[in-house]
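Atoms considered below: every heavy atom in the structure, side chains included; atoms not considered: hydrogens, waters and symmetry mates.
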Amino acid sequence: MLFQLNRSQRDVFSLWHTWRRVVQPLFLTIAAFFVVASVFSFREGLPRILPLNSLLDHTATPRTPDEPLAPLRIRLVHALDKVPTYPNQRNLFQSFRQRPTPPSPGETNSLWEGWKSWEKLNPDWTRHFIDDHHMEHHVLLLASAGVPEVLSTYRSLPTMVLRSDFMRYVLVFMYGGVWADIDTLAHLSIAEWYRRCLGGSGSHRGSVGFIAGTELDFDPIDKSASWLDRTLYFAQFMFMARRGHPILLEVLADVIEVTPTTPPNRNVLIWTGPRRWTDNIVGHLYGNYPGLTQRNITYLDKPMMLGDVCLLPVSGFGAGRDQANSPPVTDPDVFAHHFFQFSWG
């Protein structure tokens with residue numbers, strides 16, 4: 001006699017078969033999708049980047065719909081706890097369309113000479129080369145750490161020159177180190193930069209948190225400077241800063257705050273370039289040293305330390321220019337020089 005199931009037992013058995021045939025495969029498919037997504041989101045050992053709609057909707061961190069975002073500068077500082085780091089901050093950042101290549105026999109290539117000069121003088125520093133196609137990756141990292149405005153600002157900048165300016169601030173703020181434009185040539189090691197900033201007293205890197213070189217330093221009555229709206233400019237084609245330095249914090253926040261109301265044809269120098277850079281450096285110094293004036297930081301003949309900020313004279317980064325006070329590139333006090341192979345156009 002065959003075993004007979006009652007009605008309730010048949011219903012349970014039917015539900016079990018339905019689970020085995022329909023629900024279980026669907027459940028396993030969904031689970032597999034999340035496993036694969038998790039693997040890919042952690043590629044290259046970097047933190048998971050939140051979905052783009054989360055960034056644009058200002059939901060990089062869980063919060064209620066009515067809860068306001070924390071002030072921008074606070075979120076930028078807190079973001080440093082969530083992004084990857086390099087232990088010793090000996091990072092050299094450079095960017096270009098493509099990595100420089102050796103010249104053909106009998107030819108010269110200034111980009112290659114500059115490239116090799118940084119490598120030769122700084123063998124214990126790690127160079128990070130970022131081409132144009134990978135710049136946004138680092139912006140996404142900072143944006144996904146709770147600062148979505150970084151991404152919207154970067155994407156709203158209408159030219160690669162503006163984006164390159166913004167990118168250098170992002171990179172050195174996040175990781176610490178040195179930024180050098182690709183068309184620059186090193187004359188001294190970065191370790192020597194520190195030593196000279198400290199008056200030759202050693203290479204105590206911890207005492208120096210920021211190095212800026214004077215690019216232009218004009219007398220107010222110098223007619224050759226009439227095209228400028230400042231008589232003092234600090235170079236942003238080369239600089240050093242420790243991770244999260246207050247000057248970089250202010251520059252980043254400043255660009256983010258002005259960009260939404262800036263017309264697309266705004267001068268690069270004013271929007272993201274040397275003028276905004278200089279104004280934030282000077283603003284930081286004036287805010288920390290009451291009574292300090294421009295007279296105190298112009299016409300320098302040697303590096304000047306103000307707190308952890310080292311200001312270089314024109315000879316530091318500004319040699320070889322057809323401008324007032326600019327020495328030849330053969331001057332022994334030249335740290336590195338910029339040969340301006342590319343324009344802002």
Side-chain angles (χ1 to χ4, degrees), residues 73 76-77 79-80 85-86 88-94 118 122 125 128 142 165-181 184 186 188-217 230 232-255 272-290 292-294 296-298 300 302-318 333 335-336 338:
R73 287 160 180 78
L76 281 167
V77 171
L80 294 178
T85 62
Y86 299 102
N88 57 24
Q89 298 190 44
R90 289 194 180 119
N91 304 303
L92 171 63
F93 297 101
Q94 294 188 286
W118 290 101
N122 304 284
W125 282 62
H128 304 272
L142 189 56
D165 281 346
F166 189 64
M167 172 55 56
R168 69 194 63 191
Y169 307 144
V170 168
L171 287 170
V172 183
F173 176 75
M174 285 174 63
Y175 305 120
V178 169
W179 170 273
D181 277 10
T184 57
L188 300 175
S189 69
I190 299 170
E192 182 66 10
W193 295 10
Y194 290 110
R195 196 184 74 81
R196 295 200 182 190
C197 280
L198 297 170
S201 60
S203 57
H204 305 292
R205 294 177 60 236
S207 303
V208 182
F210 189 91
I211 300 176
T214 305
E215 180 179 6
L216 300 171
D217 194 359
R230 300 284 192 282
L232 174 68
Y233 274 89
F234 290 107
Q236 43 97 265
F237 49 74
M238 279 182 284
F239 63 90
M240 186 288 299
R242 65 171 168 79
R243 186 172 188 257
H245 195 277
I247 292 177
L248 282 175
L249 171 66
E250 285 302 320
V251 175
L252 265 179
D254 194 7
V255 174
T272 60
R275 196 182 94 171
R276 191 165 302 282
W277 176 245
T278 299
D279 286 354
N280 278 281
I281 293 172
V282 173
H284 172 84
L285 295 175
Y286 286 179
N288 284 277
Y289 296 94
L292 187 74
T293 68
Q294 183 169 322
N296 303 122
I297 55 177
T298 54
L300 301 176
K302 60 183 180 181
M304 175 188 224
M305 287 293 297
L306 290 165
D308 72 341
V309 177
C310 177
L311 304 180
L312 306 181
V314 174
S315 58
F317 295 157
D333 291 327
F335 285 34
H338 190 201

Roughly how far apart are R90 CZ and N122 CG, rounded to 0.5 Å? 10.5 Å
Answer whether the closest heavy-atom distance between the side chains of M167 and F93 falls below 4.5 Å. no
Going by side-chain hydrogen bond (donor to acceptor under 3.5 Å, both in side chains), name the residues that satisfy it together with D181, two or more places apart in sequence or in a different chain. R168, W179
Which is it for L312 and C197 under the side chain to side chain contact (heavy atoms under 4.5 Å, CB included) test, yes or no, and what are the steps along the way? CA-CA 8 Å; L312 306 181; C197 280; 4.0 Å; yes
Can you give me the closest heavy-atom contact between P303 and F335, atom names plus distance? CG-CZ, 4.3 Å
Distance-only, no hydrogens or angles: does the N91 side chain make a donor-acceptor pair with backbone N or O of G176 under 3.5 Å? yes
Report the C-alpha separation of L76 and L142 in whole Å, then their side-chain angles, then the decisive distance to 0.1 Å, and conclude whether the side chain to side chain contact (heavy atoms under 4.5 Å, CB included) test is met. CA-CA 8 Å; L76 281 167; L142 189 56; 4.2 Å; yes
For F234, does its backbone N or O pair with a side-chain atom of T214 as donor and acceptor, under 3.5 Å? no
Listed by chain and number, what are the side-chain hydrogen bond (donor to acceptor under 3.5 Å, both in side chains) partners of R243, not counting sequence neighbours? none
Looking at every heavy atom in both A241 and V172, which two are closest together, and how far apart are they? O-CG1, 3.6 Å
dist Y194:OH -> L188:CG (nearest 0.5 Å) comes out at 14.0 Å
The reported gap from CD1 in I247 to CG in L252 (rounded to nearest 0.5 angstrom) is 12.5 Å
Which atom names give the shortest non-hydrogen contact between H338 and T184, and what distance separates them? CD2-CG2, 3.7 Å
Which pair of non-hydrogen atoms, one from M240 and one from G209, has the smallest distance, and what is that distance? CE-C, 3.8 Å
Side chain of Y289, backbone of G307: donor and acceptor closer than 3.5 Å? yes
The side-chain contact (heavy atoms from CB on, under 4.5 Å) partners of A186 (sequence neighbours excluded) come to S117, W118, L121
When the aromatic ring centroids of H128 and Y86 are compared, is their separation below 6.0 Å? yes
Those residues that, when tested against E192, pass side-chain hydrogen bond (donor to acceptor under 3.5 Å, both in side chains) (two or more places apart): R195, R196
Mind listing the closest non-hydrogen atom pair of F173 and V77 along with its distance? CZ-N, 4.5 Å
Across all chains, not counting sequence neighbours, the side-chain contact (heavy atoms from CB on, under 4.5 Å) partners of L300 are M304, L311, P313
Could you give the distance from CG (N296) to CG (L306), rounded to the nearest 0.5 Å? 8.5 Å
Just to verify, what does D254 make a side-chain contact (heavy atoms from CB on, under 4.5 Å) with, not counting sequence neighbours? V258, R276, N280
Taking the side chain as every heavy atom from C-beta outward, state whether D165 and F237 have any atom pair closer than 4.5 Å. no
Given side chain to side chain contact (heavy atoms under 4.5 Å, CB included), test V251 with Q236 step by step and report yes or no. CA-CA 11 Å; V251 175; Q236 43 97 265; over 6 Å; no
Ring centroid separation F317 to W193 under 6.0 Å: yes
Between Y175 and Q89 the two heavy atoms that sit nearest each other are O-CG, 3.6 Å
For the pair V208 and M305, evaluate side chain to side chain contact (heavy atoms under 4.5 Å, CB included) and give the outcome as yes or no after the intermediate values. CA-CA 8 Å; V208 182; M305 287 293 297; 4.2 Å; yes
Side-chain donor-acceptor contact under 3.5 Å, S315 with D333: no
Can you tell me how far apart CD1 (I297) and OH (Y286) are? Round to the nearest 0.5 Å. 5.0 Å
Distance in Å, Q294 CD paired with L232 CG, rounded so as to fall on 0.5 Å steps: 5.0 Å
